[in-house]
Amino acid sequence: MKKLIATIALIIVAISTKAQEIYFSQHYADKLSINPAFAATQGNSCVSAILRQQFPAADGGFKTYAASYMQNLGRCGIGIRAYGTSAGAFFQNKFSATYANTVTISRKIKCSAAVEAAFCTKNLKQSKLVYYSMIDPLDGNINANQPSIEYTSPRTLAMSVGILLTTGTTTAGIAMYNVAQYKIAGEDGIQKNISVFAQHKIALTKSLKNSHIETSCLIPSIIYRRQSDINSIQVGVNIDNTPVIGGIAYRIQTGEYTFHTLVATIGTTIGKVKVGYGHDFDLSSITKNSYGAHEIAVTFKLSDGKKNKGYETIKCPAF
């Protein structure tokens with residue numbers, strides 16, 4: 001019975017999201033989805049990967065993954081990202097490349113602006129579909145004869161932009177994704193969305209390790225996203241106390257349906273590697289039997305950023 005309820009909840013969410021991008025709770029491992037300008041604020045070059053399983057109690061559920069690479073080039077930075085999600089017979093993929101540049105506004109404030117170009121595809125795997133005509137009315141068995149349907153996989157080129165203001169302790173910015181689109185095939189493009197992000201670093205303690213000063217920080221943050229008629233806001237706080245990292249947040253999503261979620265994350269930093277696990281606890285009655293969502297994220301710092309004379313690399317305060 002619980003599996004049936006979870007499957008029904010999955011269908012409702014799939015209809016309500018209308019092929020939205022699924023966002024990750026451990027946003028530090030997928031920063032380019034918050035704002036492409038993060039490619040220029042990196043103090044190092046890094047590779048990140050994250051995997052999310054949502055509605056695991058339902059058959060298949062949502063499976064979402066992303067992998068990204070960001071390279072610091074002094075005053076500018078580049079990034080590439082691959083994103084994909086599947087829900088039953090539906091598959092969506094996105095591949096993007098980002099260029100960002102930074103200018104100094106004042107002694108304490110720097111501004112980074114970025115542009116992103118992306119190639120997006122949507123696919124429907126007919127072999128996973130079950131039609132009413134395939135079900136035997138006597139015993140309920142599914143016959144092998146599957147009707148064929150005409151379907152053109154949409155393929156789209158999209159352009160996104162973002163801007164970030166950064167100080168030594170605060171970062172805030174806005175990004176607009178898929179603001180310009182060119183449909184290569186199919187009539188269905190990809191939805192535009194807006195992302196607003198702000199965070200502040202509060203230093204707790206300092207320690208000296210291997211000639212480097214390490215700071216334990218408390219990091220409150222807020223993320224607002226709007227896609228089509230769906231709004232999402234997440235408010236939380238993280239702690240970065242090497243080697244332990246973690247946090248807790250509350251997220252509410254409104255639209256045709258309203259969802260309330262409590263997000264908890266925990267992880268560790270070992271040398272240049274950061275590993276984290278996140279779990280979403282669904283508080284809404286419509287999804288209380290879905291067993292939430294599970295995430296595993298890994299970030300690997302490759303090297304320190306290139307030093308440029310007369311320029312101090314922006315160190316993102318949250319990550």
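- Annotation for Y182: hydrophobic cluster partners, listed by chain and number, are F95, F119, L157, I184 (ILVMFWY side-chain heavy atoms under 4.5 Å, direct or chained).
- A cation-pi arrangement is present between K274 and Y28 under the rule of less than 6.0 angstrom and at most 45 degrees off the ring axis.
- The cationic atom of R225 (NZ for Lys, CZ for Arg) lies less than 6.0 Å from the six-membered ring centre of Y23 and within 45° of the ring axis.
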query = When you look at D240 and K201, which way does the salt bridge (charged side-chain N to carboxylate O under 4.0 Å, His left out) test go after all the steps?
reply = CA-CA 10 Å; D240 189 349; K201 180 179 70 173; over 6 Å; no

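- V273 and I266 fall into different hydrophobic clusters, where Ile, Leu, Val, Met, Phe, Trp and Tyr side chains are chained together by heavy-atom contacts under 4.5 Å.
- The shortest distance between side-chain heavy atoms of Q181 and M159 does not fall below 4.5 Å.
- Looking only at side-chain heavy atoms (C-beta outward), I252 and T258 come within less than 4.5 Å of each other.
- The shortest distance between side-chain heavy atoms of T268 and V244 does not fall below 4.5 Å.
- Counting only heavy atoms from C-beta outward, the side chains of R52 and S25 approach each other to under 4.5 Å.
- Paired with C111 under the rule side chain to side chain contact (heavy atoms under 4.5 Å, CB included), one option of I163, L164, T102 passes, and it is I163.
- At a cut-off of 3.5 Å, with distance as the only test, no side-chain donor of N72 or S45 sits close to an acceptor on the other residue.
- Ring pair H279/F281 is perpendicular by interplanar angle, where above 60° counts as perpendicular and below 30° as parallel.
- Inter-residue side-chain proximity for Y224 and N231 is flagged as met; some heavy-atom pair is nearer than 4.5 Å.
- Both I248 and L283 belong to a single network of hydrophobic side chains, linked directly or stepwise wherever heavy atoms of I, L, V, M, F, W or Y lie under 4.5 Å apart.
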